[in-house]
Undergrad: 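First, the structure itself, so that you have it in front of you.
Computed from a predicted structure; not experimentally measured.
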Amino acid sequence: MENPEITDDLIAAHGLAPDEYAEILRLLNRPPTLTEIGIFSAMWNEHCSYKSSKRWLRLLPSDGPQVICGPGENAGVVDIGDGLAVVFKMESHNHPSYIEPYQGAATGMGGILRDVFTMGARPVAAMNSLSFGAPDHPRTRSLVAGVVAGIGGYGNCFGVPTIGGEVRFHPAYNGNCLVNAFAAGIARADRIFYSAASGVGRPVVYLGAKTGRDGVGGATMASAEFDDTLEEKRPTVQVGDPFTEKRLLEACLELMDSGAVISIQDMGAAGLTCSAVEMGDKGGLGIALDLDLVPVRESAMTAYEMMLSESQERMLMVLDPEKEAAARAIFDKWDLDFAVVGETIAEDRFIVRHQGAVRADLPLRALSGNAPEYDRPRAAPPAPPPLGDVPPTDAIDGLRALIGSPNHARKAWVWEQYDHTVMADTVVPPGHGAGVVRVHGTTKALAFTADVTPRYCAANPFEGGKQAVAEAFRNLICVGARPLAATDNLNFGNPEKPEIMGQFAGCIEGIAAACRALDMPIVSGNVSLYNETDGQPILPTPTIGAVGLIERLGERIAGPARPGDIAVLLGPPGRHLGQSALLWEMWGRAEGDAPPVDLAAERAAGAFILAERAAIRACTDLSDGGLALAAFEMAAAAGCGLAIEEGDTAWFFAEDQGRYLLAVPAEHAAGLVALAGQQALPARAVGSFGGDLVALGPASAPLADLVTLWSGAFAAALG
């Protein structure tokens with residue numbers, strides 16, 4: 001065995017705390033080999049073990065009659081009826097994307113797609129949620145260009161439509177951008193494939209592309225803050241090949257149809273190490289590997305490098321030995337590697353051999369099930385400054401400040417680089433609250449959205465967590481979809497700081513409360529911590545990706561509004577300007593509390609809209625920018641002006657939650673408002689569509705001029 005000199009520096013370089021290394025010595029009763037240190041480092045880092053977050057993740061509801069598979073597998077699985085299921089997940093590739101934007105974002109896309117088709121689903125939709133630093137920061141422009149190109153380059157070549165997402169800018173992300181990738185696929189509900197190994201003595205098979213040195217130590221890098229050694233971390237970023245991934249998809253789906261697959265696992269973070277350990281741990285088996293049998297594309301690779309490589313487009317499978325020849329033939333046909341590299345064993349051991357020597361011999365379940373779990377100290381984050389006076393603001397001036405900023409401008413520059421028409425099932429493309437795709441061969445459609453408001457989460461983590469779920473719920477309702485379930489991507493700073501753990505715990509508690517109240521279980525997800533540079537954390541950004549079902553596509557709320565339609569506000573008049581977009585975009589102020597979220601009211605309003613959708617032409621929720629921005633966006637989508645009744649600054653720009661703006665044909669408007677009143681839901685007609693002006697009270701401007709500003713502001717802000 002390898003016997004390196006174990007130094008404090010070597011231990012620290014692998015992200016292991018002194019007490020964690022002491023536990024390794026206790027488990028082994030001997031010093032570890034270098035490969036064993038690498039394996040423990042990979043499996044016990046934050047990215048793979050969730051050691052700071054497991055305690056809190058247990059609060060999230062994950063069950064429901066619609067749930068086929070909840071957290072713990074490659075992706076969540078939810079029943080959509082008629083023998084079909086939707087398989088979906090969201091994951092981050094934040095650190096790699098900041099180091100090397102194109103490949104970091106591209107391989108994040110590749111990884112989330114593999115999570116979906118590993119379960120036996122064909123991917124049908126992708127989304128992303130992107131957070132960047134201030135537009136004038138020296139790195140922002142290159143990060144935006146590289147990340148968007150990486151997502152488009154991989155997704156377009158693979159052949160999956162990108163149908164939604166969000167992009168935000170804030171100085172808190174100057175040193176650490178966020179790239180959260182979502183994918184969803186369709187599978188037969190009775191043909192879901194899992195990762196738990198079963199059966200002693202069965203072949204463990206390596207599938208896909210060859211192993212190289214790219215990405216070695218990537219999972220450990222993702223569990224550390226950035227500092228002035230950033231450039232040294234570049235070799236830990238993987239390199240992706242979407243054409244190989246497309247072949248891997250087709251080969252895997254064909255392999256699954258052959259009946260040869262006992263269990264299958266994507267090689268993602270920590271590569272061969274994590275995939276083998278997780279398969280063995282979930283199945284209660286040990287694994288023995290012979291690295292001399294692993295296909296490689298570089299010479300003289302060590303066991304340490306092979307076990308920690310994060311080369312892309314690879315899978316690990318436990319095979320039915322009677323079907324090995326047929327399985328091999330499938331991968332030969334697709335010109336992909338297929339190699340038996342080990343076997344399942346009865347003992348609780350993870351054995352790695354290379355060049356005739358045992359490089360690792362570890363208790364397997366200690367690597368996964370016995371990974372450290374911390375209840376880190378928590379402190380309430382500092383309260384934001386109280387809300388000061390908000391100057392009376394001309395509504396059109398306020399609207400111009402919003403739509404002229406890259407945060408609220410039209411993002412066509414981004415989504416036009418993504419192919420959203422491939423597969424020919426996209427019904428609602430990017431640029432709307434929720435994207436919609438047909439479920440091919442059925443009357444059904446699925447709606448997808450990704451949402452979070454980080455400034456709310458920073459001001460009030462509990463309400464911010466609730467709001468992220470509630471906004472996702474509303475965006476699904478707005479297209480006529482029944483919310484089914486959600487995935488999360490929890491992006492925070494260093495959990496060893498009590499105020500960051502306070503943010504994390506508060507957001508989790510809020511998310512859990514909202515998911516329970518709105519019947520949206522969390523069925524998959526990802527935690528990304530240590531998003532800091534030189535001690536400066538990002539805003540807490542717990543992104544919620546949500547999925548909804550439209551049983552009959554013809555019943556969706558399609559829009560757009562038409563001239564003569566009545567604008568109906570469902571929900572109370574707005575008064576809450578704390579943490580509002582207007583406050584930030586006009587004056588750079590982040591003051592006051594986040595708006596409270598009444599979950600019972602959210603549920604009631606959503607149920608009302610779904611029940612009465614036949615009378616509703618178009619629908620949007622009121623979130624950033626309040627009534628003014630919602631009204632403008634509906635007018636822009638319709639290509640006609642509108643007039644909203646007069647009110648003060650709060651009336652137009654407050655961000656009280658649980659509210660919708662509806663475009664209702666004139667003959668239905670009074671009846672709809674009356675029906676809402678009978679159900680104790682506040683509703684009122686607040687204006688009408690028509691003409692070529694956007695009139696907000698006495699202030700007005702030509703719709704065409706506003707659309708020109710809105711359409712050009714993103715590119716203008718980024719040069």
Undergrad: Got a sec, which residues hit salt bridge (charged side-chain N to carboxylate O under 4.0 Å, His left out) with Asp593, two or more places apart in sequence or on another chain?
TA: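 Partners of Asp593 under the salt bridge (charged side-chain N to carboxylate O under 4.0 Å, His left out) test: none.
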Undergrad: Side chains of residues 61-72: which donor-acceptor partners sit under 3.5 Å, not counting sequence neighbours?
TA:
{"residue": "Gln66", "atom": "NE2", "partner": "Leu484", "partner atom": "O", "Å": "2.7"}

Undergrad: Would you please name every residue forming a side chain to side chain donor-acceptor pair (under 3.5 Å) with Asp488, sequence neighbours left out?
TA: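 Counting only residues at least two positions away or on another chain, Asp488 forms no side chain to side chain donor-acceptor pair (under 3.5 Å).
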Undergrad: Between Thr107 (side chain) and Gly110 (backbone), is there a donor-acceptor pair under 3.5 Å?
TA: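 The answer is no, because no donor-acceptor pair under 3.5 Å joins these two groups.
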Undergrad: Using only heavy-atom distances, determine whether the side chains of Gln312 and Glu245 contain a donor-acceptor pair under 3.5 Å.
TA: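 Side chains of Gln312 and Glu245: no pair found under 3.5 Å.
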Undergrad: Drop me the distance from Met279's CE to Cys274's SG, to the nearest 0.5 angstrom.
TA: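 Going from the CE atom of Met279 to the SG atom of Cys274 covers 11.5 Å.
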Undergrad: Within a strict 4.5 Å, meaning less than it, do heavy atoms of the Pro203 and Glu343 side chains meet?
TA: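 No, side chains not in contact.
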Undergrad: Go through it in stages, so that I can follow the logic: the residues are Arg202 and Thr344, the test is side chain to side chain donor-acceptor pair (under 3.5 Å), and I'd like the CA-CA distance, side-chain angles, deciding distance and then a yes or no.
TA: CA-CA 5 Å; Arg202 283 179 165 159; Thr344 57; over 6 Å; no
Undergrad: Is there a donor-acceptor pair under 3.5 Å between the side chain of Lys466 and the backbone N or O of Cys507?
TA: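 Absent.
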Undergrad: I'd like to know if Arg516 pairs up with Asp519 as an ion pair, taking the criterion as any Lys NZ or Arg NE/NH1/NH2 lying under 4.0 Å from an Asp or Glu carboxylate oxygen.
TA: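 Looking at Arg516 and Asp519, the cut-off is not met.
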Undergrad: With sequence neighbours excluded, what pairs up with Ser263 under the side chain to side chain donor-acceptor pair (under 3.5 Å) test?
TA: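 Result, side chain to side chain donor-acceptor pair (under 3.5 Å) vs Ser263: none returned.
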Undergrad: Taking atom types as modelled and ignoring hydrogens, do the side chains of Asn74 and Thr118 form a donor-acceptor contact shorter than 3.5 angstrom?
TA: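 Absent: no donor and acceptor within the cut-off.
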Undergrad: Where the side chain of Tyr206 meets the backbone of Thr211, is there a donor-acceptor pair that is under 3.5 Å apart?
TA: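 Side chain of Tyr206 to backbone of Thr211: a pair is present.
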Undergrad: Minimum heavy-atom separation for Ala459 to Ala594, with atom names?
TA: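 Heavy-atom minimum between the residues: CB-N, 4.1 Å.
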Undergrad: Under 3.5 Å, side chain of Asn45 to main-chain N/O of Ala42, donor-acceptor pair present?
TA: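 Looks like yes, one N/O pair under 3.5 Å.
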Undergrad: Quick test of your reading of the model: are Arg213 and Glu305 salt-bridged, counting only N-O distances below 4.0 Å?
TA: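 Yes, this pair counts.
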Undergrad: Exactly one of Asn176, Asn526, Asn531, Asn180 should register a side-chain hydrogen bond (donor to acceptor under 3.5 Å, both in side chains) with Asn491. Which one does?
TA: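 Looking at Asn176, Asn526, Asn531, Asn180, the match for Asn491 under the side-chain hydrogen bond (donor to acceptor under 3.5 Å, both in side chains) is Asn180.
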Undergrad: Donor-acceptor check, side chain of Asp266 to backbone of Met315, threshold 3.5 angstrom: yes or no?
TA: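 It does not hold such a pair.
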Undergrad: Find out whether Met307 and Leu291 are in side-chain contact, i.e. whether some heavy atom of one side chain is under 4.5 Å from a heavy atom of the other.
TA: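 Yes. Closest side-chain heavy atoms under 4.5 Å.
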Undergrad: Taking 4.0 angstrom as the limit, do Glu91 and Arg114 come out as a salt bridge?
TA: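 No, Glu91 and Arg114 are not salt-bridged.
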Undergrad: Evaluate the side-chain contact (heavy atoms from CB on, under 4.5 Å) criterion for residues Arg349 and Leu362: first the C-alpha distance (whole Å), next the side-chain angles of each, then the deciding distance (0.1 Å), finally the verdict.
TA: CA-CA 5 Å; Arg349 295 170 69 192; Leu362 302 170; over 6 Å; no
Undergrad: Hey, does Ile351 have a side-chain heavy atom less than 4.5 Å from the side chain of Ile287?
TA: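 Answer no - side chains too far apart.
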Undergrad: Is the backbone of Ala360 close enough, under 3.5 Å, to the side chain of Thr33 for a donor and an acceptor to pair up by distance?
TA: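 Pair absent, no side-chain N/O of Thr33 close to backbone of Ala360.
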Undergrad: Determine the minimum heavy-atom distance between Asn494 and Glu532, stating which atoms define it.
TA: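 For Asn494 versus Glu532, the nearest heavy atoms are N-OE2, 2.8 Å.
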Undergrad: How about Glu310 and Val216: do any of their side-chain heavy atoms sit closer than 4.5 Å?
TA: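 No, their side chains stay 4.5 Å or more apart.
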Undergrad: Just jot down the side chain to side chain donor-acceptor pair (under 3.5 Å) partners of Ser195, sequence neighbours excluded, or say none.
TA: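 Per chain and number, Ser195 pairs via side chain to side chain donor-acceptor pair (under 3.5 Å) with Glu73, Gln265, Lys282.
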Undergrad: I'd like to know if the side chain of Thr7 pairs up with that of Asp9 as donor and acceptor (distance under 3.5 Å, no hydrogens or angles considered).
TA: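 On atom types as modelled, these side chains do not qualify, holding no pair under 3.5 Å.
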Undergrad: For the backbone of Val597 and the side chain of Glu463, can you confirm whether one donor and one acceptor N or O come within less than 3.5 Å of each other?
TA: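 Side chain of Glu463 to backbone of Val597, a donor-acceptor pair under 3.5 Å: yes, one is there.
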Undergrad: Which heavy atom of Ala184 sits nearest a heavy atom of Phe448, and at what distance?
TA: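 What the structure gives for the nearest pair is CB-CE2, 3.5 Å.
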Undergrad: Show your working on side-chain contact (heavy atoms from CB on, under 4.5 Å) between Asp451 and Thr543 and close with a plain yes or no.
TA: CA-CA 6 Å; Asp451 298 284; Thr543 309; over 6 Å; no
Undergrad: Take Arg58 and Glu373, measure what salt bridge (charged side-chain N to carboxylate O under 4.0 Å, His left out) needs, and give me the verdict at the end.
TA: CA-CA 12 Å; Arg58 296 187 186 104; Glu373 180 175 340; 2.7 Å; yes
Undergrad: Look at atom CZ of Arg353 and say whether more than 12 heavy atoms of other residues, nucleotides or ligands are closer to it than 6.0 Å.
TA: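 Atom CZ in Arg353 is not crowded, with 12 or fewer foreign heavy atoms closer than 6.0 Å.
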Undergrad: If you compare all heavy atoms of Asp281 against all heavy atoms of Ser368, which two are closest, and at what distance to 0.1 Å?
TA: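 Minimum heavy-atom contact is OD2-OG, 3.1 Å.
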Undergrad: Could you tell me whether the side chain of Phe88 reaches within less than 4.5 Å of the side chain of Val78, counting heavy atoms only?
TA: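 Side-chain contact under 4.5 Å: yes.
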Undergrad: Can you name the closest pair of heavy atoms from Thr487 and Met90 and give their distance?
TA: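 Scanning both residues completely, I find the closest heavy atoms to be OG1-N, 3.2 Å.
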Undergrad: Mind checking whether His14 and Tyr304 have ring centres under 6.0 Å apart?
TA: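 Yes, the ring of His14 comes within the 6.0 Å limit of the ring of Tyr304, centre to centre.
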Undergrad: What's the shortest heavy-atom distance between Ala366 and Trp44, and which atoms?
TA: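 Residues Ala366 and Trp44, closest heavy atoms: O-NE1, 3.2 Å.
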Undergrad: Report yes or no: does Ser309 contribute a side-chain atom to a donor-acceptor pair with the main-chain N or O of Met306 at less than 3.5 Å?
TA: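 No, Ser309 side chain to Met306 backbone: no donor-acceptor pair under 3.5 Å.
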Undergrad: If we only count heavy atoms from C-beta on, is the Leu113 to Met109 side-chain gap below 4.5 Å?
TA: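 Side-chain contact under 4.5 Å: yes.
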Undergrad: We want to know whether Ser131 and Arg168 form a side-chain donor-acceptor pair, criterion being a heavy-atom distance below 3.5 angstrom.
TA: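 A donor-acceptor contact under 3.5 Å links the two side chains.
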Undergrad: Please determine whether side-chain contact (heavy atoms from CB on, under 4.5 Å) holds for the pair Val452 and Glu166, giving the CA-CA distance in whole Å, both sets of side-chain angles, and the decisive distance to 0.1 Å.
TA: CA-CA 9 Å; Val452 66; Glu166 56 179 358; 3.7 Å; yes
Undergrad: Looking at residues at least two apart in the chain, or sitting in another chain, which of them share a side chain to side chain donor-acceptor pair (under 3.5 Å) with Thr541?
TA: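 Here the qualifying residues are Tyr173.
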Undergrad: Is Ser52 reaching over with its side chain to a backbone N or O of Pro495, donor-acceptor style, under 3.5 angstrom?
TA: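 A pair under 3.5 Å: no.
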Undergrad: Would you find a donor on one side and an acceptor on the other, under 3.5 Å apart, between the side chain of His95 and the backbone of Tyr530?
TA: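 Yes; at least one donor-acceptor contact below 3.5 Å.
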